[in-house]
Amino acid sequence: MNLVILTALGVGGATVIGSLIGFGFKKQSHRFADIVLAFAAGVMLAAAVLGLIVPSLEYGGKFGLIITIVGIFVGAWVLNLMDKLVPHLHKLAGPEPEKHAANANMDKVLLFVAAIAIHNLPEGIAAGVGFGSGNEAEALLIAGGIALQNIPEGMVIIAPMLAAGISPKRTFICALATGGVEVIGTLLGYLAVSVATTLLPFALAFAGGTMLYVISDEMIPETHAHGNERGATYALLAGFCLMLATDVLLG
C-alpha cells in the first residue's frame, strides 16, 4: 500500500512539476512539449495493451475476450461522455493556447482547467488498477507513462490562466488541484480492485480503454497540432518500443 501511495503522489505530482516548468517557459514553443507528450503516448499505448488489456484477457477466464472488449468500450465511452460535457486540451486551448487565452474570458479558462482535472480522474484510476494484477513492475511502468504525459499537460495550463489575469498563486493552486484529482483516482482504482478482485478483468480493460481513448483523442492530435508531426511520430514509436523492451526484459 505504501508503494501505491507513493505512486499516486508521483502521478499527481507530475502535473505540478509540469506547471512549475510552465511558469518558467510559458513563452517557449510547443516543440519540446510535443516530443515529450508523443513519447508518453507511446509508453501509454504499450502499457495499455501489455499491462492492462492482455492481463484482462488472462484473468477473465473463458469469458475473458468478451469482458475485455466490453471493458475497453465502456472505458472509452465514459471518456467520450466526459468530452461531450467538458471539452479537453486541443478542443479548448487550440493549437496556440497563449493566443487563445488572450481573447478568452475567465470562465473559459477555468473550464479549460476543470476539463484537465476531470480527465485526470480516470487516468489516475488506470494507474491504481494496474497494481491489482500483482505485477508491481508493470504497474509502475503504467503509472510512469501516465506521469510522463502529465508534465506537458501541467505546462499547458499555466499560460492561459496567467493571460486571463489569474494570479500566479491561484494558478499554482489550480495546478495543484488537478494533480490532486489524479492522486485520488489512483487510490480509488487500487482500492476498487483490492476490495472486489472479481472486478479485476473488467477494471483492467476499462482502464486500458480510457488510456487508448486519451491517446487517440487527446494526445496524438495535440502532438500533431504544431507542425512537428514526424518528430512526434518517431517519439511515439520510441516510447512504445522502450515500454515493449522493458516489459520483455522484466519478464
Side-chain angles (χ1 to χ4, degrees), residues 1-20 40-60 67-68 71-72 74-75 78-79 82 116-154 175-215 219 239 242-244 246-247 249-251:
M1 184 61 181
N2 289 337
L3 182 59
V4 177
I5 294 173
L6 290 175
T7 301
L9 294 174
V11 169
T15 300
V16 180
I17 292 173
S19 69
L20 292 174
V43 172
M44 286 179 64
L45 180 59
V49 175
L50 300 174
L52 295 170
I53 294 173
V54 171
S56 173
L57 288 168
E58 295 173 349
Y59 290 118
I67 293 172
T68 300
I72 290 172
V74 172
V78 168
L79 283 199
M82 286 184 174
I116 292 178
I118 290 172
H119 282 72
N120 277 355
L121 183 62
E123 290 177 10
I125 290 174
V129 165
F131 284 94
S133 65
N135 189 330
E136 292 184 349
E138 207 163 63
L140 288 173
L141 288 173
I142 294 169
I146 295 172
L148 189 59
Q149 72 97 15
N150 282 344
I151 294 176
E153 190 165 273
L176 192 63
T178 61
V181 170
E182 199 132 19
V183 174
I184 294 171
T186 303
L187 296 176
L188 285 176
Y190 172 73
L191 291 174
V193 295
S194 297
V195 172
T197 55
T198 55
L199 292 176
L200 181 59
F202 178 82
L204 289 169
F206 178 91
T210 63
M211 289 176 70
L212 291 177
Y213 184 92
V214 168
I215 293 164
M219 298 175 74
L242 174 64
M243 179 66 180
L244 180 64
T246 303
D247 185 76
L249 292 175
L250 290 176

Which is it for Val183 and Val11 under the side-chain contact (heavy atoms from CB on, under 4.5 Å) test, yes or no, and what are the steps along the way? CA-CA 7 Å; Val183 174; Val11 169; over 6 Å; no
Nearest 0.5 Å please: distance from the CG atom of Leu199 over to the CZ atom of Phe206. 11.5 Å
Is there side-chain contact between [X] and [Y], with heavy atoms separated by less than 4.5 Å?
| X | Y | value |
| --- | --- | --- |
| Leu191 | Val4 | no |
| Thr210 | Val78 | no |
| Thr15 | Val181 | no |

Shortest non-hydrogen contact between [X] and [Y], atoms and distance:
| X | Y | result |
| --- | --- | --- |
| Met211 | Met44 | CE-O, 3.5 Å |
| Gly60 | Ile67 | O-CD1, 4.1 Å |
| Pro201 | Tyr59 | CG-O, 3.6 Å |
| Ala147 | Gly10 | CB-O, 4.3 Å |
| Thr178 | Ala175 | OG1-O, 2.6 Å |
| Leu50 | Val54 | O-CB, 4.1 Å |

Worked verdict on Phe202 versus Val74 for side-chain contact (heavy atoms from CB on, under 4.5 Å): CA-CA 9 Å; Phe202 178 82; Val74 172; 4.0 Å; yes
Under the side-chain contact (heavy atoms from CB on, under 4.5 Å) rule, collect the residues that match up with Leu57, sequence neighbours excluded. Leu65, Thr68
Please confirm whether the backbone N or O of Glu182 pairs with a side-chain atom of Thr186, one donor and one acceptor, at under 3.5 Å? yes
